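Notes to accompany the following structure.
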Protein chains: 4
Amino acid sequence: MKVKPKVVVNGIGTIGKRVAHAIKLQDDIDLVAISSKVPNNVIKTVLEPNGFLYGTDLYASDLEAYNEFKKAGMWVNGTLEDLLRNGAVDVIIDCTPEGIGAQNKKNLYEKYGVKVIFQGGEKADVAETTFNSFVNYEEAFDKTYVRVPSCNTTSLIRTLYTLDQKFGVEYVFVALARRANDPHEYKKGPIDAIEYDLHVPSHHSIDVKTVLKHLNIFSLAVKVPTTKMHVHMLDVTLKRNVSYEEIIDAFEKQTRIIFLEGKEYPATSVIIEKFRDYLRPRNDIWEVIVLKDLVHVENNKVRYIQAVHQEAVVIPENIDAIRAITGIEKDKWKSIEKTNKSLGILK
Amino acid sequence: MKVKPKVVVNGIGTIGKRVAHAIKLQDDIDLVAISSKVPNNVIKTVLEPNGFLYGTDLYASDLEAYNEFKKAGMWVNGTLEDLLRNGAVDVIIDCTPEGIGAQNKKNLYEKYGVKVIFQGGEKADVAETTFNSFVNYEEAFDKTYVRVPSCNTTSLIRTLYTLDQKFGVEYVFVALARRANDPHEYKKGPIDAIEYDLHVPSHHSIDVKTVLKHLNIFSLAVKVPTTKMHVHMLDVTLKRNVSYEEIIDAFEKQTRIIFLEGKEYPATSVIIEKFRDYLRPRNDIWEVIVLKDLVHVENNKVRYIQAVHQEAVVIPENIDAIRAITGIEKDKWKSIEKTNKSLGILK
Amino acid sequence: MKVKPKVVVNGIGTIGKRVAHAIKLQDDIDLVAISSKVPNNVIKTVLEPNGFLYGTDLYASDLEAYNEFKKAGMWVNGTLEDLLRNGAVDVIIDCTPEGIGAQNKKNLYEKYGVKVIFQGGEKADVAETTFNSFVNYEEAFDKTYVRVPSCNTTSLIRTLYTLDQKFGVEYVFVALARRANDPHEYKKGPIDAIEYDLHVPSHHSIDVKTVLKHLNIFSLAVKVPTTKMHVHMLDVTLKRNVSYEEIIDAFEKQTRIIFLEGKEYPATSVIIEKFRDYLRPRNDIWEVIVLKDLVHVENNKVRYIQAVHQEAVVIPENIDAIRAITGIEKDKWKSIEKTNKSLGILK
Amino acid sequence: MKVKPKVVVNGIGTIGKRVAHAIKLQDDIDLVAISSKVPNNVIKTVLEPNGFLYGTDLYASDLEAYNEFKKAGMWVNGTLEDLLRNGAVDVIIDCTPEGIGAQNKKNLYEKYGVKVIFQGGEKADVAETTFNSFVNYEEAFDKTYVRVPSCNTTSLIRTLYTLDQKFGVEYVFVALARRANDPHEYKKGPIDAIEYDLHVPSHHSIDVKTVLKHLNIFSLAVKVPTTKMHVHMLDVTLKRNVSYEEIIDAFEKQTRIIFLEGKEYPATSVIIEKFRDYLRPRNDIWEVIVLKDLVHVENNKVRYIQAVHQEAVVIPENIDAIRAITGIEKDKWKSIEKTNKSLGILK
């Protein structure tokens, strides 16, 4: 019997709590602990008897955090460094806020030689490779530091890689209408405005190229007053003429991409409701949604609209990345299938 | 062994789908079928193999609806009238849109003598009694038509009845900041405005009095651009002076009312997230949330703020109403406890 | 001395009231009356002593409307047909809701042979030509029916015509993030969702081609929860390579297009505030705003973001269209200059 | 001829720019300069040839600010301290952000003995008296430091003082649905949530009592996702029974309170549009709006809803405060009338 890799999730926010939950659903990976900085209501809730991480060992990110937890009257096993010192950890999934991951690497992870999976909030150079299950699973085998890019980037890679593999992509322009903040937040706006991304191109197309290195892609982005999902509008030029049926077939055969009819699901709120009705935990949508009747094909041009659940879409790739970085599964499609099945991904 | 009452839910919208789901969790009530008017995405989703009503018999509300379902390629067992004609139904939970329930009563329900539980969208006179589990459970025993009032009304009754029982309520003023629409909707506004209820008093205080008949209460309401929860601000004058501790104790000992700290849950979005993290189906909150640290007591005045999850709060009362109207459980507290346990209500 | 054309504005909503106001600022055009369907608060406000149309003759759209105005206790001179029968009208600016203009044409305008300027809510075939001051001013000289396209279309034409004239446009992809409704509305959503346009391409690119007939353009659109401005994200392929300076220069030299720096005006709300601070009536922005520092040029590709004040941007073209359709000014640039000066357009 | 008091507005944000504008409309007060901290787009816009403060002398708040302005290439006359040293200032209107006013007092104003009018963002003890034109105009005559309370407080004082004077107020409960941020902002939320004020009572009722010292009032507040206006829901207990007509008459006869019909203006967005149509600068509403048909009177209870334009409502009181603190006008009603007329206040 294989030994299960021992994994710690450091940072229990929007992504971290979902990764920890997903790990608990795997039969070949062990969640040995979670680690957190502040005794906030999220950490308290998930560790309550009703919480999905009830019984999981909790470590404090550092000594200061340790004292905070103590002061809040919470049980905490020690600091993350205590745990690492014992050598009982194979992989850390770093889900700390933007930029903290890089500091953790320098101050802590490098010292103990632990393998780390970073998130898209970190710059690409924090890791040796930016990871996507479809594209470069095998690259992660011998790495110590791997990065799973953000929700927007991962979603773009899923559909564009599919098109590129089948038809060859000449050029992509994508305009992103980004959700302004996550549903649980209340401090950030805008309330009645559209805010444009001041980076041109926006970081999304640059980030896609950390994985699809030769893709010719350009992105512009705006932030809009919603919390539910991002929406991407794409204009893709292929290397050859295609038919609508070919495009539909390509997406249909790919995993983690699903179709909904725009006329039945005309807004992101209606999509989210479908997954509430599936009783998905926290209405998580791990799949990219392509609006089937809104796909438009003309000669070598494909236009399509995809909707992305920013809280959940990168979770499957994080799980695959654990298998890749530890080498417990060498076949990417087996890992993908395992992850999909454990979460209940539709296809 | 007792015979389980046979129940049909007519109308599978925001409330209907939740009532149907809750009935499936009861061991003393049978969901024999659901009935619906249109083959929309909700009905399709809940009946999919992934859906929580998979396998439930579907009937069409009428012949026209029957043809719609057929045209949409969906399996449908017949019309609701076909089912009623067979005499196989004890209770209908009518969750059709505002005003349709009254039409159904006249055109269909009266003809077959079936017992019916209506929702708060219908006028009070559609039923013989407006129902609250705490207040008048026993009144429903010998009735044919019972009505469960709306989310705002039910929530107000829960906390005000509690105060009235313990301390006597002299007068209540409540200002409601109402959510504008449910999370899955996208056609209704306002986007950047506050809309005031043109009824003064708003219907909420009038509706509370259909249950708490002697309560002296006045309400004003505004509609605000959010989808998540209603918020009530109350100024209650009691018949005697009380202490903060007495008020807290009264709410603490009552079921279906729970406390959260305002400083930890400073906005409705943070409350909803807690219940997503509890993995509640569709993040449903069946309990009224009272913000504990925001309760203010001064002589005989109590001010408090409560938050109400409009999609879910009336579900427990609907289940209790089935037991009351069929008489299968004569003790209200036993019904309440049974319902609470089946749903996972916190207290 | 030239005789001034006699103009009536029919329909006093968002566009109609602005057109009527703008006509009052022209010294070569006479606003003889306004015409309206309902005695609502807008018509009352603009005709109050404080209102900018105080003293303007009011006609009712039809007999039913006439009775409505009478019932509301308002002074009304008669029906629009009464006025037309007297032959005292040269041009009607039809600003009635979508589709009503076409009905008016059939039922009323054709009968009296009056010239009419329709708005973009009407289908293109309501008129003999769809009008833009830059592109086809002269085409309107001998026409009876002319149409000024919508705010989105007019704005796209302004910048794309400028690029096409100077550099030749090979292909345009534009993604629109549309405001959901106007600031005074409160019934329409979405509140927390992105709604995608179910037409692919959206009508915007089709409508641009009613004026720029040979332009190769494709548009996708989403509707987002804001009331203030539309935002367009464009990816334009030119027929030759250009420099950033050439593009900036082309826009700089064109009228009705102005630059703001994205880093100083990072959201539509900040743009609107600037024009509130200019004390513009109703903060109207007649110019298209191009974010200068967000213009990106690479070989023959130009990407840019423009913001459009949906309530005001078509007003100048409506005024020019009056001069064109009546032939009182044969030189388009003289009309444009006159209109610009009267309104206070920045350049 | 009287000498006009020389006034400087320090801080050109939402309130400061409006106060400066209003001063320019007075024939008995001199705006000698404005003073600001940062060379942002607001200060640039209002000083442009199109701007309403074109030609006004600009001073930097301090030396650091002076250098910032220089670096930004803007003309700046010196620091505010330079100006004060010259003794050329009688009154400063401090409109700097919350808490900065108190620092300015300590570091700068006290040193030069200049009179200062602070805003409601400062704590009450920054000044010798908190000011309302109706209530305590005369108290300001011999003061050096006066404070004009916030928009919510000023509005509550206007209507409650009117009721108290006429009928005697026994007790007030007010629930505030507060706008989340001003229209030009884009960083602050909440987007889809209601945030409750964690202070119970909220500061509003406490602040009302700094002026109406003996009023028995309690307030609760929530923040909602809108930028346009605050809405207050009031439950007022009077010392005697009154009729609806008496209440309407009392408000009707008071200045700076105006009626609109709720059924014609059912949302704050519709109110704002009315004042855009009046061509008010920046759609400013200096009057408190009471919804006439929503006023409800029963024995000694009055319930009403009022809407408050947060950006503009305190401007008249600031102008009156200049006259009071300098003593140039000893009769409050003459000052009120003068201010009203200069701004175009409806009544």
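These numbers were taken from a predicted model, which means no experiment stands behind them. Just so it is clear: chains get the letters A, B, ... in the order the sequence lines come, proteins before strands, and each one is counted from 1.
- Atom NZ of A:Lys188 is surrounded by 12 or fewer heavy atoms from other residues, nucleotides or ligands within 6.0 Å.
- When the heavy atoms of residues 336-347 of chain A are compared with those of chain B, the residues falling under 4.5 Å are A:Leu346, listed by number.
- Your options are A:Ala267, A:Pro225, A:Pro266, and the one with the most heavy-atom pairs under 4.5 Å with chain B is A:Pro266.
- Taking the side-chain contact (heavy atoms from CB on, under 4.5 Å) definition, one finds that B:His184 meets it with A:Glu273, B:Thr14, B:Asp182, sequence neighbours left out.
- Residues of residues 307-317 of chain B lying under 4.5 angstrom from chain A, judged on non-hydrogen atoms, are B:His309, B:Glu311 in numerical order.
- Listed for the B:Asn41 side chain is a donor-acceptor partner under 3.5 Å among the backbone atoms of A:Glu264.
- Smallest separation of non-hydrogen atoms from A:Ser269 and B:Pro183: CB-O, 3.1 Å.
- When each of B:Thr268, B:Leu279, B:Asp284 is checked for heavy-atom pairs under 4.5 Å with chain A, B:Leu279 comes out on top.
- No side-chain heavy atom of B:Asn283 sits less than 4.5 Å from a side-chain heavy atom of A:Arg282.
- Residue contact with chain B, scored on non-hydrogen atoms closer than 4.5 Å, is absent for A:Arg280.
- More than 12 heavy-atom neighbours from other residues, nucleotides or ligands sit within 6.0 angstrom of NZ on B:Lys24.
- Counted within 6.0 Å of NZ on B:Lys253, heavy atoms from surrounding residues, nucleotides or ligands total 12 or fewer; the atom is thus considered open.
- Contact count against chain A (heavy-atom pairs under 4.5 Å) is highest for B:Thr45 among B:Asn40, B:Thr45, B:Ile191.
- When the salt bridge (Lys or Arg N to Asp or Glu O under 4.0 Å) test is applied to B:Glu98, no partner is found at least two apart in sequence or on another chain.
- A:Lys274 places a side-chain heavy atom less than 4.5 Å from the side chain of B:Glu48.
- For the set B:Glu261, B:His21, B:Lys17, the entry with the most heavy-atom pairs within less than 4.5 Å of chain A is B:Lys17.
- The two residues A:Phe52 and B:Asp277 come nearest to each other via the heavy atoms CD2-O, 3.3 Å.
- With a 4.5 Å cut-off on non-hydrogen atoms, A:Glu185 touches chain B through its backbone but not through its side chain.
- Both the backbone and the side chain of A:Val270 come within less than 4.5 Å of a heavy atom in chain B.
- Within the 4.5 angstrom heavy-atom criterion, only side-chain atoms of A:Thr227, from C-beta onward, approach chain B.
- Contacts between A:Ile272 and chain B at a heavy-atom distance below 4.5 Å are absent for every atom of the residue.
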